[in-house]
Protein chains: 2
Amino acid sequence: MDKKHFPYKFVDFLISVHQITDKITKDVKPEGLTPVQFKILEYVAANSPTTLSQLSDCLHMPLPNTSRELKKLEEKKLCKKESGVEDRRKQYICLSENGEALMQEIFKKVESKFLDRLKDDSQKDLEEIDNALKLLYTKVFYSNHTT
Amino acid sequence: MDKKHFPYKFVDFLISVHQITDKITKDVKPEGLTPVQFKILEYVAANSPTTLSQLSDCLHMPLPNTSRELKKLEEKKLCKKESGVEDRRKQYICLSENGEALMQEIFKKVESKFLDRLKDDSQKDLEEIDNALKLLYTKVFYSNHTT
DNA sequence: TTATTTTGTTATCATTTGATAATTAAGAGG
DNA sequence: CCTCTTAATTATCAAATGATAACAAAATAA
C-alpha cells in the first residue's frame, strides 16, 4: 500500500481544535468545579456508566485521586455511584439528575457557540461540514475500547 | 437563512477528538515538563513569535504565572525571550533551537501514531480524510485573531 | 480452606497551579 | 514636565493535583 504521508498535518488540526475549543468552553464552565472535576463530568457524560478504574485509566490519573475527586462530585450532587450486582467491588458511576441537567446545558451552549461561527455559511457549506465531522469521527477519532 | 441544527453534534466530535488526542499524546510528553509548561511550548510552537500577554490571554492564565513558567522554560533552554524594538516593554517569545527540535520530534510522533490508526484505509479514504481535515480547519476551527 | 488478585478507600505529603498585591520600566497623552 | 496606561517581573499565599503507602473487601485460584 502506497502510504504517502498526508499533505495536511494532524497536529495542526489538533492544535487548532484545541485552541478554539478552549476559548469557547472557557466561559461556559460552571463555578465551583475544578478543571479535573469538569473533565471527569465530561467523561462520565460521554461514557456512562463507567467505573472508577476505567475513569482512572482513561483520564490518566491515579485511582486514589480519582476516588477523591469523585467523592467531591457526589457531595456536590452531580454524580452517583452504585455497586455492581455481579461484582460488588465495582462501583458504577453515572451523572445524577442535576449532573445530567448541568452537562446538557453546557453542551447546548458550546453547540450554539459553534453554530454562531457558521452563521454566514450556506446550507451547502453546513452539509459539507456535517459530513466532514461524521467522516473524521468514524474513520479517525473513533475510540477502540479494546486496548 | 434556514439554520436548522446539525444532525451531528459538535460536542460529541470534540469530546472524541479530545479523548483520542489525550491518549495518543500521553506517552509522547517529555519528562521534566509540567502540563502547563508543555501547553505553553505547544502554543509557542504554533504561534511564534508571541508575547507574554498574548500567551496569558490565550491560555487563560494570569500574566504573573505565565511569566513564572516561561522563566522556567528559559532555564530549561527551550524558549527564548527578546525585547521588541519598537516597544521595548514587549517580550517576544520563540522556541529555542532545543525547543524547536523537541517539539518537532513530538509532533512527528503524534503524526505517525495517527497515521497508524489509518493503516488499513485505502488511498481514497485517506484523501477523503485529508479533505475533511482541511475543510473543518478552514470553515470551523479557524482562529480569528481579531477578538 | 488459604493465598492471590482486583477494585476501591483513606490518609499524607510534595508539587503544580491559581490568585493577588506591590513594583519596575516603557510608551502615550496632557 | 507630569499623569496614566500597558507589559512584565517578583514575591507570596491558597488551592488543586500528583504520587505513594497502607488498608479493606470482594472475587478468583490454588
Side-chain angles (χ1 to χ4, degrees), chain A residues 18 22-23 25-27 29-44 47-76 78-94 145, chain B residues 18 22-23 25-27 29-44 47-76 78-94 145:
Chain A
H18 192 248
D22 244 42
K23 194 161 138 193
T25 53
K26 186 207 163 195
D27 23 64
K29 284 185 185 170
E31 298 287 315
L33 281 183
T34 70
V36 168
Q37 285 165 14
F38 186 71
K39 216 166 71 172
I40 292 177
L41 283 185
E42 218 175 39
Y43 184 86
V44 176
N47 305 78
S48 177
T50 183
T51 66
L52 267 181
S53 309
Q54 192 183 338
L55 256 171
S56 164
D57 277 351
C58 297
L59 300 186
H60 314 305
M61 56 197 287
L63 192 55
N65 299 348
T66 313
S67 177
R68 171 182 63 195
E69 296 309 317
L70 202 76
K71 197 177 171 189
K72 293 178 192 164
L73 287 173
E74 285 183 290
E75 285 161 2
K76 293 175 202 230
L78 295 172
C79 279
K80 286 185 301 185
K81 216 164 47 179
E82 206 175 327
S83 297
V85 281
E86 77 295 358
D87 185 342
R88 277 180 304 171
R89 288 170 307 177
K90 290 192 181 172
Q91 301 288 331
Y92 287 93
I93 299 159
C94 298
H145 290 294
Chain B
H18 191 249
D22 244 42
K23 194 161 136 194
T25 54
K26 186 208 165 194
D27 24 61
K29 284 185 184 169
E31 298 286 316
L33 281 183
T34 70
V36 168
Q37 285 165 12
F38 185 71
K39 217 167 70 173
I40 292 177
L41 282 185
E42 217 175 40
Y43 184 87
V44 176
N47 305 80
S48 179
T50 182
T51 67
L52 266 182
S53 308
Q54 192 184 337
L55 256 171
S56 163
D57 278 352
C58 297
L59 300 186
H60 315 305
M61 55 197 287
L63 191 56
N65 299 350
T66 313
S67 177
R68 171 183 59 196
E69 296 309 318
L70 202 76
K71 198 177 171 188
K72 293 177 192 164
L73 287 173
E74 286 183 289
E75 285 161 3
K76 293 175 203 233
L78 295 172
C79 279
K80 286 185 300 183
K81 217 164 46 180
E82 206 174 328
S83 298
V85 282
E86 76 294 0
D87 184 343
R88 278 180 303 171
R89 290 169 305 178
K90 291 191 180 172
Q91 300 289 331
Y92 287 93
I93 299 158
C94 297
H145 291 294

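Letters A, B, ... mirror the listed sequences (proteins, then strands); counts begin at 1. What you are looking at is a predicted structure, and each value in this text was computed from that prediction instead of being measured.
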Whole-Å gap separating [atom2] ([N]) and [atom1] ([X]):
X       : N      : atom1 : atom2 : result
A:Leu70 : D:dT17 : CG    : P     : 14 Å
B:His60 : C:dA19 : NE2   : C1'   : 17 Å
A:Leu33 : D:dT17 : CG    : P     : 10 Å
B:Asp57 : D:dA8  : CG    : C1'   : 13 Å
A:Ile40 : D:dT17 : CD1   : C1'   : 11 Å

query = Between A:Arg88 and D:dA25, is there a side-chain N or O to OP1/OP2 distance below 4.0 Å?
reply =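 Checking A:Arg88 against D:dA25: no side-chain N or O falls below 4.0 Å of OP1 or OP2.
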note = The contact string for nucleotides 4-17 of chain C, one letter per nucleotide 5' to 3', using protein heavy atoms under 4.0 Å with B, S and - for base, sugar-phosphate only and none, comes out as --BSBBBBB---SB
query = So do the side chains of A:Leu78 and A:Leu33 get within less than 4.5 Å of each other, counting heavy atoms only?
reply =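 Yes, their side chains come closer than 4.5 Å.
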As an exercise, state the distance from [atom1] of [X] to [atom2] of [Y], rounded to the nearest 0.5 Å.
X       : Y       : atom1 : atom2 : answer
A:Ile93 : A:Leu52 : CD1   : CG    : 4.0 Å
B:Arg89 : B:Thr51 : CZ    : OG1   : 11.5 Å
A:Thr50 : A:Leu55 : OG1   : CG    : 4.5 Å
A:Lys29 : A:Glu42 : NZ    : CD    : 7.5 Å

inquiry  = Around atom CD of B:Glu31, are there more than 12 heavy atoms from other residues, nucleotides or ligands closer than 6.0 Å?
reply    =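 Atom CD in B:Glu31 is not packed in, count stays at 12 or less.
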